[in-house]
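Data first, discussion second: the structure below is written as structure tokens.
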Amino acid sequence: MNFIDPAALLGDLVAVARRAGDAILDIYDSDDLGVVTKDDDSPLTRADMASHVVIRDALKALTPQTPLLSEESADIGFDTRQTWNEYWLIDPLDGTKEFINRNGEFTVNIALIREGRPVAGVVHVPVRGQTYYGIVGEGAWRRDGDADPQAINTRRPPAETPVVVGSRSHANPKLEQALAPLGGHEMTSMGSSLKFCLVAEGSADLYPRLGPTSEWDTGAAQAVVEAAGGVVVGLEGDPLPYNAKDEYLNPWFLVLGDPDYGWNEKLDLSV
């Protein structure tokens with residue numbers, strides 16, 4: 001079959017993510033965030049849906065034959081999804097709690113998934129005007145506002161005192177246990193898929209996620225990390241599967257800037 005050439009669309013995807021970010025900021029800067037609670041008790045805002053509509057309509061115009069799965073339109077049965085060889089995986093606003101708390105640590109995420117693997121991704125940070133993007137096997141970049149894009153790479157080897165990034169909104173006592181054998185390290189807290197981006201640009205070395213995430217939380221940022229030279233793997237070292245089951249939950253995973261560092265021997269993954 002004919003797959004999408006992500007390099008031919010990368011500029012368009014960055015522009016779409018930025019337009020979605022602008023739609024989010026229009027609401028972020030208003031007095032009414034429009035917060036409601038979804039069936040799973042997670043928050044949803046007017047900005048989530050505004051971003052979703054911008055991305056959905058743009059991708060349908062760019063690639064009308066390619067299916068799209070978004071957090072805000074996830075009610076597509078696996079009997080349908082399992083026939084997809086390639087599709088767009090979207091999180092229109094990753095870090096809704098950060099958005100509601102107005103700390104700026106939320107992102108727009110657009111991923112291209114092919115045969116169960118992220119092959120390209122865009123992560124846009126609306127408040128900062130930053131965009132991280134990459135194509136696996138071809139490279140990754142960060143663009144700050146209207147400046148020229150700068151190539152980014154993961155840090156190899158890690159810093160002498162490794163920098164570990166963790167969740168801003170999801171405290172996890174198991175993380176301390178997992179990191180105990182690592183010895184001295186620097187801990188940084190961050191919201192949303194920005195944690196992946198810190199690893200991708202070499203500002204952090206490790207992001208262990210020992211808690212629930214969904215596939216739309218990880219697809220775009222995983223593509224950026226792997227395009228920048230890192231990997232995202234389950235605790236047993238296996239690649240994260242996409243669109244391989246009825247539910248969307250990921251296994252626990254590690255984001256590694258330097259895959260050759262021997263992290264498994266330096267962490268307690270019996271958690």
Start with the C-alpha distance between Ser203 and Glu201, add both sets of side-chain angles, then the distance that settles side chain to side chain donor-acceptor pair (under 3.5 Å), and finish with yes or no.
CA-CA 6 Å; Ser203 298; Glu201 70 180 8; 2.8 Å; yes
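- Side-chain contact between Gln130 and Val127 is absent, with no heavy-atom pair separated by less than 4.5 Å.
- Taking CD of Gln177 as the reference point, atom CG of Asp268 lies at 5.0 Å (rounded to 0.5 Å).
- Qualifying side-chain contact (heavy atoms from CB on, under 4.5 Å) partners for Arg46, counting only residues two or more places apart in sequence or in other chains: Ile27, Ser30, Asp32.
- Contact check for Trp141 versus Thr131: no side-chain heavy atoms found under the 4.5 Å cut-off.
- Neither Val233 nor Leu198 shares a network with the other; the hydrophobic side chains, linked directly or stepwise wherever heavy atoms of I, L, V, M, F, W or Y lie under 4.5 Å apart, form separate groups for each.
- In this structure, the side chains of Trp84 and Thr66 stay at 4.5 Å or more apart for every pair of heavy atoms.
- A side-chain donor from one of Trp88 and Thr63 sits under 3.5 Å from a side-chain acceptor of the other.
- Here the side chains of Trp263 and Pro158 are in contact, with some heavy-atom distance below 4.5 Å.
- The backbone N or O of Thr80 sits less than 3.5 Å from a side-chain atom of Thr83, completing a donor-acceptor pair.
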Stepwise side-chain contact (heavy atoms from CB on, under 4.5 Å) check, Tyr133 with Val123:
CA-CA 6 Å; Tyr133 53 99; Val123 177; over 6 Å; no
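- Between Val108 and Pro126 the shortest heavy-atom distance is CG2-CG, 4.2 Å.
- Both Val164 and Val231 are assigned to one and the same hydrophobic cluster, defined by single-linkage of ILVMFWY side chains at heavy-atom distances under 4.5 Å.
- Relative to the six-membered ring of Phe3, Arg114 meets both conditions, a distance below 6.0 Å and an angle of at most 45° to the axis.
- Between the CG atom of Asp94 and the CG atom of Asp217 there is a distance of 5.0 Å, given to the nearest 0.5 Å.
- Contact detail for Pro212 and Trp252: the closest heavy-atom pair is N-NE1, 4.4 Å.
- Between the side chains of Tyr242 and Gln222, at least one donor N or O sits under 3.5 Å from an acceptor N or O.
- Between Phe196 and Tyr132, a ring centre-to-centre spacing not shorter than 6.0 Å is recorded.
- Between Gly134 and Val224, the shortest heavy-atom distance links the atoms N-CG2, 4.0 Å.
- Expressed to the nearest 0.5 Å, how far CG of Leu206 lies from CG of Leu179 amounts to 6.5 Å.
- Listed for the Tyr28 side chain is a donor-acceptor partner under 3.5 Å among the backbone atoms of Arg102.
- In the hydrophobic cluster analysis, where Ile, Leu, Val, Met, Phe, Trp and Tyr join through side-chain heavy atoms closer than 4.5 angstrom, Leu256 is grouped together with Leu210.
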Going through the distances and angles, do Leu9 and Leu112 end up as a side-chain contact (heavy atoms from CB on, under 4.5 Å)?
CA-CA 11 Å; Leu9 290 178; Leu112 180 64; over 6 Å; no
Let me see the working for Glu86 and Arg117 under salt bridge (charged side-chain N to carboxylate O under 4.0 Å, His left out), right down to the final yes or no.
CA-CA 9 Å; Glu86 185 174 60; Arg117 297 285 295 159; over 6 Å; no
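- Leu240 and Tyr87 fall within the same hydrophobic cluster, defined by Ile, Leu, Val, Met, Phe, Trp and Tyr side-chain heavy atoms under 4.5 Å apart, directly or through other members.
- The two atoms that bring Gly229 and Arg156 nearest to each other are O-NH1, 2.9 Å, heavy atoms only.
- Applying the 6.0 Å contact sphere to NZ of Lys174 captures no more than 12 heavy atoms from other residues, nucleotides or ligands.
- When the shell of 6.0 Å around CD of Gln82 is examined, it contains more than 12 heavy atoms from other residues, nucleotides or ligands.
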Apply side chain to side chain donor-acceptor pair (under 3.5 Å) to Asp48 and Thr96, showing your working.
CA-CA 8 Å; Asp48 293 80; Thr96 300; 3.1 Å; yes
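- Between Arg128 and Leu194 there is a side-chain heavy-atom pair separated by less than 4.5 Å.
- With values rounded to the nearest 0.5 angstrom, Leu182 atom CG is found 12.5 Å from Glu265 atom CD.
- Residues Val232 and Leu254 do not share a hydrophobic cluster, clusters being chains of Ile/Leu/Val/Met/Phe/Trp/Tyr side chains in contact below 4.5 Å.
- Across Ile90 and Leu59, no two heavy atoms sit closer than the pair CD1-CD1, 3.7 Å.
- When atom types are taken as modelled, the side chain of Asn243 and the backbone of Gly116 share no donor-acceptor pair closer than 3.5 angstrom.
- At distances below 3.5 Å, not a single donor-acceptor pair connects side-chain atoms of Glu105 with backbone N or O atoms of Ser192.
- Judged by distance alone, the side chains of Thr154 and Asp258 never bring a donor and an acceptor atom under 3.5 Å apart.
- Classification of Glu72 and Arg56 as a salt-bridged pair fails, no side-chain N sitting under 4.0 Å from a carboxylate O.
- Listed for the Asp29 side chain is no donor-acceptor partner under 3.5 Å among the backbone atoms of Asp26.
- No donor-acceptor distance shorter than 3.5 angstrom exists from the side chain of Asn101 to the backbone of Asn103, with no hydrogens or angles considered.
- Pro162 and Gly184 get closest at one heavy-atom pair: CD-O, 3.5 Å.
- Of the possible donor and acceptor atoms, none in the side chain of Arg143 sits under 3.5 Å from a partner among the backbone N and O of Pro149.
- Of the inter-residue distances, the one linking Glu98 atom CD with Met190 atom CE reads 9.5 Å to the nearest 0.5 angstrom.
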Run the side-chain contact (heavy atoms from CB on, under 4.5 Å) check on Ile24 and Phe106 step by step: do they pass?
CA-CA 10 Å; Ile24 290 171; Phe106 53 86; 3.6 Å; yes
Do Ser193 and Thr107 pass the side chain to side chain donor-acceptor pair (under 3.5 Å) test, and can you show the C-alpha distance, the side-chain angles, and the key distance before you say yes or no?
CA-CA 7 Å; Ser193 58; Thr107 58; 2.8 Å; yes
side-chain contact (heavy atoms from CB on, under 4.5 Å) for Arg19 and His124? Distances and angles first, verdict last.
CA-CA 10 Å; Arg19 288 204 305 273; His124 178 62; over 6 Å; no
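- For the pair Val136 and Pro118, the minimum side-chain heavy-atom distance is 4.5 Å or more.
- A cation-pi geometry, defined here as NZ or CZ lying under 6.0 Å from the six-membered ring centre and within 45° of its normal, holds between Lys266 and Tyr261.
- Rounding to the nearest 0.5 Å gives a distance of 8.5 Å between CG of Leu249 and CD of Glu215.
- The backbone N or O of Val199 sits nowhere less than 3.5 Å from a side-chain atom of Lys195 that would complete a donor-acceptor pair.
- Of the possible polar contacts, none joining the Asn109 side chain to the Leu93 backbone as a donor-acceptor pair under 3.5 Å is found.
- Judged by distance alone, with hydrogens and angles left aside, the side-chain atoms of Arg81 form a donor-acceptor pair with the main-chain N or O of Ile76 at under 3.5 Å.
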